[in-house]
Enquirer: 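My questions all concern the structure below.
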Amino acid sequence: MQPTASVSANRQYKYYDLITGAFVAVLLTANLIGPAKICTLWGFTFGAGILFFPLSYLFGDILTEVYGYARARRVVWTGFAALAFASLMSVVVLRLPPAPGYAGQEALESVFALTPRIVLASLAAFWAGEFTNSFALARMKVATAGRHLWSRAIGSTAVGAGVDTLIFYPVAFLGVWATRDVLVVMATNYVLKVLWEVLALPVTYRVVAALKRAEHEDWFDRDTDFTPFSLQAG
């Protein structure tokens, strides 16, 4: 299949909406369920969310590789809006006065209560990290003429996850945790995110190849406007 340089912005795809929904589902569950639990496995302590959050980078890679930066950008904004709404909803629900006899308020607060600082850190880190990841992959694809998918999948995640990590942990925890603890968790979680991408490479290759065949698409961002502040699909 010959790679396409451009396609109508109005073209309809079979699986684009499905991948968008999966991306948003992973993002919300990883951010709302995962952070509430800290695990120790084989002597290694980590936040449970780290097992699932890197899936968002995997989806970001697949979207950019197959459909291009502009369509991936729309999905990032969709995820950002969903995460912002979920954060707002959690604040409103927790602050509503519980009915007499309702015994679940403390349990809800222990799981879903987030400080404004952590919400801000999550939103800023996600937004910057996902756009950096998509931009890096799109530019690397053009530079490599579409060869060596492994290099841009790992490279873009290394850059995007780095931006995400450098924003989230200092904004959320610096001054709350000891500085050394912030640095250790930053380094550990960054390595885990990149390692996750490496381990997922066989899946990435299979999904990308299947989507390119099914969609008859292999987008190259040669003339793309890379501003993140747009919802245009092409």
Side-chain angles (χ1 to χ4, degrees), residues 22-65 69 72-73 75-76 79-80 83 87 114-115 117-141 143 148-205 228:
F23 174 88
V24 173
V26 168
L27 177 67
L28 291 179
T29 52
N31 277 276
L32 295 179
I33 300 174
K37 185 171 184 178
I38 298 177
C39 306
T40 298
L41 187 63
W42 299 314
F44 183 74
T45 301
F46 56 93
I50 197 64
L51 294 176
F52 301 97
F53 180 74
L55 279 170
S56 67
Y57 283 93
L58 177 61
F59 279 114
D61 290 345
I62 292 169
L63 283 160
T64 306
E65 174 68 23
Y69 174 89
R73 174 175 58 199
V75 177
V76 172
F80 181 85
L83 187 57
S87 300
L114 296 174
T115 67
R117 181 173 173 176
I118 292 178
V119 171
L120 174 63
S122 296
L123 291 172
F126 164 76
W127 187 89
E130 288 291 345
F131 275 120
T132 301
N133 176 75
S134 186
F135 173 81
L137 189 141
R139 297 306 295 264
M140 290 178 70
K141 183 174 182 179
H148 313 306
L149 173 58
W150 64 268
S151 65
R152 55 186 178 274
I154 297 173
S156 63
T157 297
V159 176
V163 170
D164 182 293
T165 303
L166 285 172
I167 292 175
F168 177 74
Y169 289 99
V171 173
F173 300 116
L174 200 60
V176 178
W177 295 356
T179 301
R180 180 183 180 279
D181 291 340
V182 173
L183 295 175
V184 168
V185 172
M186 283 176 61
T188 301
N189 281 9
Y190 174 72
V191 170
L192 287 174
K193 289 174 184 176
V194 177
L195 179 60
W196 206 108
E197 179 68 39
V198 173
L199 295 176
L201 272 176
V203 176
T204 303
Y205 265 84

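These figures come from a predicted structure and were not determined experimentally.
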Enquirer: With side-chain contact (heavy atoms from CB on, under 4.5 Å) as the test, would you mind laying out the steps for Tyr190 and Leu166 before giving the verdict?
Expert: CA-CA 9 Å; Tyr190 174 72; Leu166 285 172; over 6 Å; no

Enquirer: Is Arg152 paired with Asp61 through a side-chain N to carboxylate O contact shorter than 4.0 Å?
Expert: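 Result for this pair is no, no salt bridge flagged.
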
Enquirer: List the steps and the verdict of side-chain hydrogen bond (donor to acceptor under 3.5 Å, both in side chains) for Asn189 and Tyr169.
Expert: CA-CA 10 Å; Asn189 281 9; Tyr169 289 99; 2.2 Å; yes

Enquirer: Please report the C-alpha distance between Phe52 and Thr29 in whole Å, then the side-chain angles of each, then the deciding distance to 0.1 Å, and finally whether the side-chain contact (heavy atoms from CB on, under 4.5 Å) criterion is met.
Expert: CA-CA 9 Å; Phe52 301 97; Thr29 52; over 6 Å; no

Enquirer: Look at the side chain of Lys141 and the backbone N and O of Glu65, then say whether any donor-acceptor pair between them is shorter than 3.5 Å.
Expert: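 Flag set: sc Lys141 to bb Glu65 pair under 3.5 Å.
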
Enquirer: Are the side chain of Asn31 and the backbone of Leu27 linked by a donor-acceptor contact shorter than 3.5 Å?
Expert: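 Yes.
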
Enquirer: Can you tell me which residue among Thr64, Asn133, Thr132 is in a side-chain hydrogen bond (donor to acceptor under 3.5 Å, both in side chains) with Ser156?
Expert: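 Filter result, single survivor: Asn133.
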
Enquirer: Report the relative orientation of the aromatic rings in Phe23 and Phe59; use parallel for angles under 30°, tilted for 30 to 60°, perpendicular for over 60°.
Expert: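 Aromatic pair Phe23/Phe59 classed perpendicular.
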
Enquirer: Do Phe173 and Phe168 have ring centroids that are under 6.0 Å from one another?
Expert: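 Yes, they do, as the ring centres are separated by less than 6.0 Å.
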
Enquirer: Pairs under 3.5 angstrom only: tabulate donor-acceptor contacts from the side chains of residues 174-182 to other protein residues two or more places apart or in another chain.
Expert:
none

Enquirer: Apply side-chain contact (heavy atoms from CB on, under 4.5 Å) to residues Phe131 and Phe80 and explain how you reach the verdict.
Expert: CA-CA 11 Å; Phe131 275 120; Phe80 181 85; over 6 Å; no

Enquirer: Is it the case that the side chain of Trp196 and the backbone of Leu55 share a donor-acceptor pair, with hydrogens and angles ignored and the cut-off at 3.5 Å?
Expert: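 It does not hold such a pair.
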
